[in-house]
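A, B, ... follow the sequence lines: proteins, then strands. Residue 1 opens every chain.
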2 protein chains.
Amino acid sequence: MENLMPKTPTVYDVADLAGVSIATVSRVFRKPHKVSQATKDRVDAAVLNLGYVPSGSARSLAARRAGAIGLCFPDFDGIDGGPAPVVYTDGRVIEQFDPPEDVEPSGDLYLSEVMLGTEIEAWRHGMAVTIAVARGNEIFDNLAGRVDGMITLSRTVPERLLAHIARNIPVVVIAGTRAGDDYDHIGTDNVAGMQAMTQHIVDAHGVRDLAFVGGPADSPDDHDRFEGFRMGLQAEGIEPPSEPLLRGDFTRSHGRMLGRRLVEAGQVPRALVCSNDQTALGILDALLATGLRVPEDVIVTGFDGIDASQTSRPRLTTVRQPMRELGRAAVDTLLRRLGDPLLPPQTGTLPVTVLLRESCGCLA
Amino acid sequence: MENLMPKTPTVYDVADLAGVSIATVSRVFRKPHKVSQATKDRVDAAVLNLGYVPSGSARSLAARRAGAIGLCFPDFDGIDGGPAPVVYTDGRVIEQFDPPEDVEPSGDLYLSEVMLGTEIEAWRHGMAVTIAVARGNEIFDNLAGRVDGMITLSRTVPERLLAHIARNIPVVVIAGTRAGDDYDHIGTDNVAGMQAMTQHIVDAHGVRDLAFVGGPADSPDDHDRFEGFRMGLQAEGIEPPSEPLLRGDFTRSHGRMLGRRLVEAGQVPRALVCSNDQTALGILDALLATGLRVPEDVIVTGFDGIDASQTSRPRLTTVRQPMRELGRAAVDTLLRRLGDPLLPPQTGTLPVTVLLRESCGCLA
DNA sequence: CCTCATACTGTATGCGCATACATCCCCTTC
DNA sequence: GAAGGGGATGTATGCGCATACAGTATGAGG
């Protein structure tokens, strides 16, 4: 405790102190059953005495495996962070009784949940998880070299880079549809989920005037959801549009903007099927603000099943993605591939759940 | 791409192909300015050609630094996860039109935000973040050996273990009060925040019948918040209680239970000051369910400032902890210590913000 | 022309550990 | 009582890279 870290002890130090060879020290950690109890005790004592902690780098190098999984996240949208926060060490407190405006919830529960799932599953297999933000070659330098395999969200790493990395370690891509590459993929059934949602609105609520509010045009998830929407309409004998009515960028504030625009244009359809929850919540905000009633005047639905969809008024009817399971399945897939590199490319699809709540007129 | 990963290329392979020595290859990555352009080009070509990615383990070993920060989280409460999720590779979808009951939001935005802050700040300094769940000696084996320093939430790692680890790498503890140890600490001003909140209720709303709903008795955060509550009352000339009226476990469902109990006992005070948001939200649920009005009949306040506090009806008056900044400050402190191991133990306190919303009668 | 600084590049070594292989000891077996 | 076997431990080597140091080439200065 009051030690000034003179020098990190190594196996050699422990071996000397315990009066054994370094091989024995190593064995005490890796193959305890191959060491006699008496020897083990002496080594343990030396370890405690010296405060020895095995070097992960050396171990990884010698063992030819890192014992870690890499998780690569998209650049936190716009969250550059700026300079580090000021820290007052004198316990000063700033009381702001008039917050200028409530902060927008981060809403990235999606990532958090995926991360959590990854963490849980990796932990169960004795693997650590190393996280990195995709930005420039950081991944290349910081992540790829130190993990046994990598999990990434689709479109977060430039294809060139990913291909390069994939030559060394297996890569699993979460979300998005198979892009003709050779990676393993894990996704949710966007198409079926959205189709079910669409048909529910038509079947259960008798609405035939539906419009789709999409996300970024280059999002494969959005693409699939729109496709599900079209298939749903088609199945109900309704002519599907070739394009979404509007496109947002998946954020709530943008959703609000879209909502306002619709109201101002005076062309609000009976049902607005949104490509994700944030957009739907934003639209909800805008509609309610103008006095329109949901679901009486307009039905609004989302996709994802983030927490906020459950606490809104009215609560949002949506399609829940098993986000945590997504992370877990990705880890499983990765580990399977590590076990058998010759496996053909895998594609896993997780089932979704349609959650019917107030915003579509159910549970009214 | 269609490569079967014959063998991971090393500096030697690259050097051979480029017709240079391994030192030059290494330099191309570490000290590009010391290599002539022509040589660099040849090496780069070889790298691309072979799909070379430097081994993080070898680099860390040779450079004597891992280039990573460890983040140690408490065991996800009760989230064991069970077996991995089933994955259907045929695109099957399960539609559950009657969800048995909405799932309780995970609510662990706190951890997510801290993690995010850590990630952001680490990234700014070219560091990777490796996450691990505190459980048994996993940290010891998996984390401590592979990072340059460690950040942990208070009370998540057994003291013995932490002390052992701290002999090798610096440790920064988040939240909780300084425990007489020699680690660096980063926390928020629980006392001042709660005192300000308490005094606001008395001053602005003229309420003098306040009660405190606490969390686990062994939580240092809870302890400090109660202390702030008492100080607030004292400052207002009100005799403070020696114990919280009730104690929960910081979960929403438990908060609901506490709320019901209060109503049934018929002893609901004019204002309920809760030790965290989840508890407050649970109490809100219970009170509203019995027809009581908030804030007209009862004032309820929280602490933390999680997203859900902003979407509840009425919105929750609370004290916002700068969760993301907490993570960032922890990283900063860690890096500072790495730069100067002889620094005396640091204790940083981040300012909190009192957010006045409907549940206390403001913004009514 | 020779000296010497400058700009590159190569050689050799060690980082801390895992592990194949060799060694040694003690006990069993016929 | 010699041969053989299994358990416990030691010896030696390499994992892939960074880097101190030594070498080479080139051009400037005298």
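Axis angle between the ends of the helix from C/dC1-D/dG30 to C/dC30-D/dG1, five pairs each and rounded to 10 degrees, works out to 40°.
For B/P32, the side-chain contact (heavy atoms from CB on, under 4.5 Å) test picks out B/K40, with sequence neighbours left out. Judged as a side-chain contact (heavy atoms from CB on, under 4.5 Å), and not counting sequence neighbours, A/D16 has no contacts. With sequence neighbours left out, B/A62 forms a side-chain contact (heavy atoms from CB on, under 4.5 Å) with no residue at all.
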(request) Tell me, with the steps shown, if B/R155 and B/D218 meet salt bridge (charged side-chain N to carboxylate O under 4.0 Å, His left out). (result) CA-CA 10 Å; B/R155 299 190 311 143; B/D218 63 340; 3.1 Å; yes
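Distance alone, capped at 3.5 Å, is enough to place a donor-acceptor pair between the A/Y183 side chain and the A/A163 backbone. Side-chain atoms of B/R337 come within 3.5 Å of backbone atoms of B/P344 as a donor-acceptor pair (strictly under, hydrogens ignored). Listed for the B/R324 side chain is no donor-acceptor partner under 3.5 Å among the backbone atoms of B/L116. A distance-only check finds no donor-acceptor pair linking the side chain of B/R328 to the backbone of B/G117 [under 3.5 Å]. Checking side-chain atoms of B/D184 against main-chain N and O of B/Q346 turns up a donor-acceptor pair under 3.5 Å. In this structure, the side chain of B/D148 does not engage the main chain of B/I69 through any donor-acceptor pair within 3.5 Å.
Looking at heavy-atom distances under 4.0 Å, A/S26 makes contact with a base.
Of all nucleotides in DNA chain D, those with any atom nearer than 4.0 Å to a heavy atom of chain A start and finish, going 5' to 3', at D/dA8 to D/dG16.
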Could you run down the sub-3.5 Å N/O contacts of the protein with nucleotides 7-11 of chain C?
from   : atom 1 : to    : atom 2 : distance (Å)
C/dT9  : OP1    : B/S36 : OG     : 2.9
C/dT9  : OP1    : B/T39 : OG1    : 2.2
C/dT9  : OP2    : B/S36 : N      : 3.1
C/dG10 : OP2    : B/S21 : N      : 2.9
C/dG10 : OP2    : B/S21 : OG     : 3.1
C/dG10 : OP2    : B/T24 : OG1    : 2.8
C/dG10 : N7     : B/R27 : NH2    : 2.9
C/dG10 : O6     : B/R27 : NH1    : 3.3

